[in-house]
Amino acid sequence: MTEEHQGGSRGWTAARKGVWSWLRFTSLRLRLVLVFGLVALTAAVSASGIAYWLNREAVLTRTQDAVLRDFEQEMQNRAGALSEHPTQDELQHTAGQMANSSQRFGVLLVAEGADGDTVYGSSGGLDGFALSDVPESLRTAVNKEQKLTSANKHPYHLYWQRITDDDTPYLVAGTKVIGGGPTGYMLKSLEPEAKDLNSLAWSLGIATALALLGSALLAQALATTVLKPVHRLGVAARRLGEGRLDTRLRVSGTDELADLSRTFNSAAENLEKRVADMAGREQASRRFVADMSHELRTPLTALTAVTEVLEEELEFEGEGGSFDPMVEPAVRLVVSETRRLNDLVENLMEVTRFDAGTARLVLDDVDVADQITACIDARAWLDAVDLDAERGIHARLDPRRLDVILANLIGNALKHGGSPVRISVTRADDEIVIRVRDHGPGIPEDVLPHVFDRFYKASASRPRSEGSGLGLSIALENAHIHGGGITAENSPEGGAVFVLRLPQDPSPPTDEDADGDDGGTGGVPDDGSRGKDAKGQG
């Protein structure tokens with residue numbers, strides 16, 4: 001298929017979609033116009049048909065009655081004056097006189113001559129009205145003698161019939177002179193009346209078309225009047241859905257649409273109040289968490305200094321330390337829980353930055369393989385991690401936040417999965433793809449949708465976690481701020497697989513100037529493991 005043909009096909013498809021979208025958009029308008037049109041068309045056609053039928057019958061009946069009355073009178077006055085056996089000349093002369101009546105019809109007289117032969121006389125001469133022009137059924141009815149009764153006092157009657165010859169309508173009639181005499185036939189053209197009826201039909205057709213057009217215009221005007229408030233309501237609903245909670249409709253009138261507008265305004269006002277209330281509560285909650293985290297930092301700094309001294313004393317206890325064996329477990333518990341508390345506060349502060357939208361990237365050109373190696377080496381995970389990454393895969397990333405992501409993913413795999421943890425790095429369509437796979441039992445299907453939820457712990461299916469449940473959530477937020485993401489799934493060969501996707505160059509460009517509060521550790525591994533402790537847990 002050529003490019004020109006493909007372009008034509010796309011253009012036709014786009015045009016067809018545009019037509020269908022217009023039809024869907026104005027479907028109610030179309031229905032109103034169609035209903036009005038059908039009603040107007042039915043009414044106009046019915047009225048025109050009835051009017052045409054009534055006028056046709058009136059015109060034809062009036063003309064027919066006048067012609068038959070005149071013909072019957074001429075038969076009585078002129079044909080009845082002829083002898084019982086007239087000559088052809090007499091018939092011809094009488095037929096001409098009858099044809100000159102006010103109705104101007106053709107006349108044919110048929111009689112029996114003195115010699116017993118049939119004699120004809122036509123008003124139009126030899127080429128005029130002939131007996132062959134009269135339908136046989138009419139001739140039979142005219143010449144049939146009727147029985148005389150109290151209700152029927154004459155043996156012969158006047159009969160008539162409408163015929164069409166060469167698309168021209170005619171009225172044919174015939175009767176026999178009572179008491180003996182010629183039989184007369186009459187032929188009257190109804191073409192003038194047909195023309196009048198055709199003119200009437202055209203007039204009624206034009207009136208029907210005008211009525212249909214007027215009804216369509218009226219339906220369009222009414223549809224515009226009715227649907228305009230509905231359209232305004234739809235626009236207001238879309239604006240409300242876009243978050244513009246101050247959207248209101250102008251209310252005028254007392255009809256149902258006005259009541260609908262008032263209901264919408266009331267609902268929008270209540271929604272705005274509820275959202276404002278929820279936003280205020282959420283802001284107060286965030287401020288509380290941020291203030292609490294900052295307030296905890298000062299005592300934690302002192303506690304951390306003390307626990308570091310205690311930890312050093314524990315390390316040198318074998319070299320003459322003086323800890324009472326009864327006190328040593330308590331000291332170790334204080335050191336461990338202080339470290340956990342410190343990590344929890346740092347994680348809460350990082351979450352607060354993400355929620356407030358103040359988290360920033362400090363971008364740098366990073367060799368991904370070197371960054372992963374540094375993360376593993378800093379936490380003494382070299383013996384528990386297999387790295388499959390080529391050097392030279394560079395990306396513009398925030399090294400500190402990438403370290404947080406990797407530390408959380410690898411630490412989670414070491415803690416909840418099984419060794420060794422395998423890490424692979426590939427490049428795909430301007431993206432860096434990092435896969436972290438463990439060899440544990442995998443993640444239960446009911447837990448997979450919640451692994452990145454804050455404070456979520458699958459305590460029912462895994463051993464009790466010492467973390468806060470914020471590590472994977474912080475890792476996901478750090479991926480999002482880079483313009484990437486993290487997904488979790490189970491490997492067909494066993495174990496869980498976390499897939500980190502990061503763009504090689506985040507877009508749009510971010511502010512590289514980090515604020516003062518963003519320079520902390522910003523999300524340490526959720527298991528709180530560092531150094532030799534992490535290695536032991538692996």
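Judged by distance alone, the side chain of Thr42 and the main-chain N or O of Leu38 form a donor-acceptor pair under 3.5 Å. At distances below 3.5 Å, not a single donor-acceptor pair connects side-chain atoms of Thr61 with backbone N or O atoms of Ala58. Asn412 places no side-chain N or O within 3.5 Å of a backbone atom of Asn408 that could act as its donor or acceptor partner. Using a distance-only test at 3.5 Å, with no hydrogens or angles considered, a donor-acceptor pair links the side chain of Thr247 to the main chain of Arg244. Side-chain atoms of Asp115 come within 3.5 Å of backbone atoms of Asp117 as a donor-acceptor pair (strictly under, hydrogens ignored). In terms of modelled atom types and a separation under 3.5 Å, the side chain of His394 and the main chain of Asp365 share no donor-acceptor contact. Of the possible donor and acceptor atoms, none in the side chain of Asn490 sits under 3.5 Å from a partner among the backbone N and O of Ala496. Although no hydrogens or angles enter the test, the distance criterion places no donor-acceptor pair under 3.5 Å between the side chain of Asn100 and the main chain of Gln97. Proximity of a side-chain donor or acceptor of Ser123 to a complementary backbone N or O of Gly96 within less than 3.5 Å is not detected.
Considering all non-hydrogen atoms of both residues, Leu249 and Asn265 come closest at N-OD1, 2.7 Å. The two residues Ile405 and Ala475 make their nearest non-hydrogen contact at CG1-O, 3.7 Å. Residues Ala488 and Phe498 approach most closely at CB-CE2, 3.6 Å, considering heavy atoms. Looking at every heavy atom in both residues, Trp160 comes nearest to Leu171 through CE3-CD1, 3.8 Å. Between Ala99 and Val107, the shortest heavy-atom distance links the atoms N-CG2, 3.9 Å. Here the shortest heavy-atom pairing between Ala44 and Thr208 reads CB-CG2, 3.6 Å.
Between His157 and Thr175, the closest side-chain pair of non-hydrogen atoms is not below 4.5 Å. Taking 4.5 Å as the limit, some side-chain heavy atom of Leu68 sits within range of a side-chain heavy atom of Met186. Phe71 places a side-chain heavy atom less than 4.5 Å from the side chain of Met98. Between His85 and Glu112 the shortest side-chain heavy-atom distance falls below 4.5 Å. Under the 4.5 Å side-chain criterion, counting only non-hydrogen atoms from C-beta, Arg501 is in contact with Arg435. Counting heavy atoms from C-beta outward, Leu91 and Thr87 have side chains that stay 4.5 Å or more apart. Two residues are said to be in side-chain contact when any heavy atoms from C-beta on lie closer than 4.5 Å; Val425 and Val433 fail this criterion. Contact check for Leu409 versus Leu472: side-chain heavy atoms found under the 4.5 Å cut-off.
Residue His93 places its NE2 atom among 12 or fewer non-hydrogen atoms of other residues, nucleotides or ligands, all under 6.0 Å distant. Heavy-atom neighbours of Arg274 CZ from other residues, nucleotides or ligands within 6.0 Å: at or below the threshold of 12. Atom CG of Asn270 has more than 12 neighbouring heavy atoms from other residues, nucleotides or ligands inside a 6.0 Å radius. Other residues, nucleotides and ligands contribute only 12 or fewer heavy atoms inside 6.0 Å of the CG atom of Asp430. Within 6.0 Å of NE2 on His154 lie no more than 12 heavy atoms contributed by other residues, nucleotides or ligands.
Distance check, rounded to the nearest 0.5 Å: CD1 of Ile50 to CG of Asn55 gives 12.0 Å. If you take CG on Asp70 and CE on Met75, they are separated by 12.5 Å, rounding to the nearest 0.5 Å. Between Gln73 atom CD and Arg78 atom CZ the span is 9.5 Å, to the nearest 0.5 Å. In this structure, the separation between CD1 on Ile434 and CD1 on Ile486 is 9.5 Å, given to the nearest 0.5 Å. Considering CG of Asp246 and CD of Glu272, their distance stands at 6.0 Å, rounded to 0.5 Å. Summarising the geometry, atom CD belonging to Gln161 is positioned 15.0 Å from atom OH belonging to Tyr170; distances are rounded to the nearest 0.5 Å.
A cation-pi geometry, defined here as NZ or CZ lying under 6.0 Å from the six-membered ring centre and within 45° of its normal, holds between Lys176 and Tyr156.
The existence of a salt bridge linking Lys273 and Glu269 is confirmed by a sub-4.0 Å separation between a basic side-chain nitrogen and an acidic carboxylate oxygen. Between Glu477 and Arg401, no side-chain nitrogen of the basic residue sits less than 4.0 Å from a carboxylate oxygen of the acidic one, so the salt-bridge criterion is not met. A salt bridge is defined here as a Lys NZ or Arg NE, NH1 or NH2 lying under 4.0 Å from an Asp or Glu carboxylate O, and Arg69 with Asp65 fails to meet this definition.
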Requested in this report: Walk me through it: do Phe129 and Asp133 pass the test side-chain contact (heavy atoms from CB on, under 4.5 Å)?
Outcome: CA-CA 7 Å; Phe129 182 27; Asp133 296 329; 3.6 Å; yes
Query raised in the report: Are Val110 and Thr118 close enough, and set up right, to give a side-chain contact (heavy atoms from CB on, under 4.5 Å), and what steps lead you there?
Result: CA-CA 7 Å; Val110 182; Thr118 301; 3.6 Å; yes
Query raised in the report: Could you go step by step and tell me if Tyr120 and Leu109 meet the side-chain contact (heavy atoms from CB on, under 4.5 Å) rule?
Result: CA-CA 6 Å; Tyr120 299 93; Leu109 296 177; over 6 Å; no
Report task. Take Arg437 and Glu489 through the test salt bridge (Lys or Arg N to Asp or Glu O under 4.0 Å) and record every step on the way to the result. Result -> CA-CA 10 Å; Arg437 178 193 167 194; Glu489 59 188 16; over 6 Å; no
Report task. Decide side-chain contact (heavy atoms from CB on, under 4.5 Å) for Thr183 and Val177; before the verdict, give the C-alpha distance in whole Å, the side-chain angles of both, and the deciding distance to 0.1 Å. Result -> CA-CA 6 Å; Thr183 301; Val177 176; over 6 Å; no
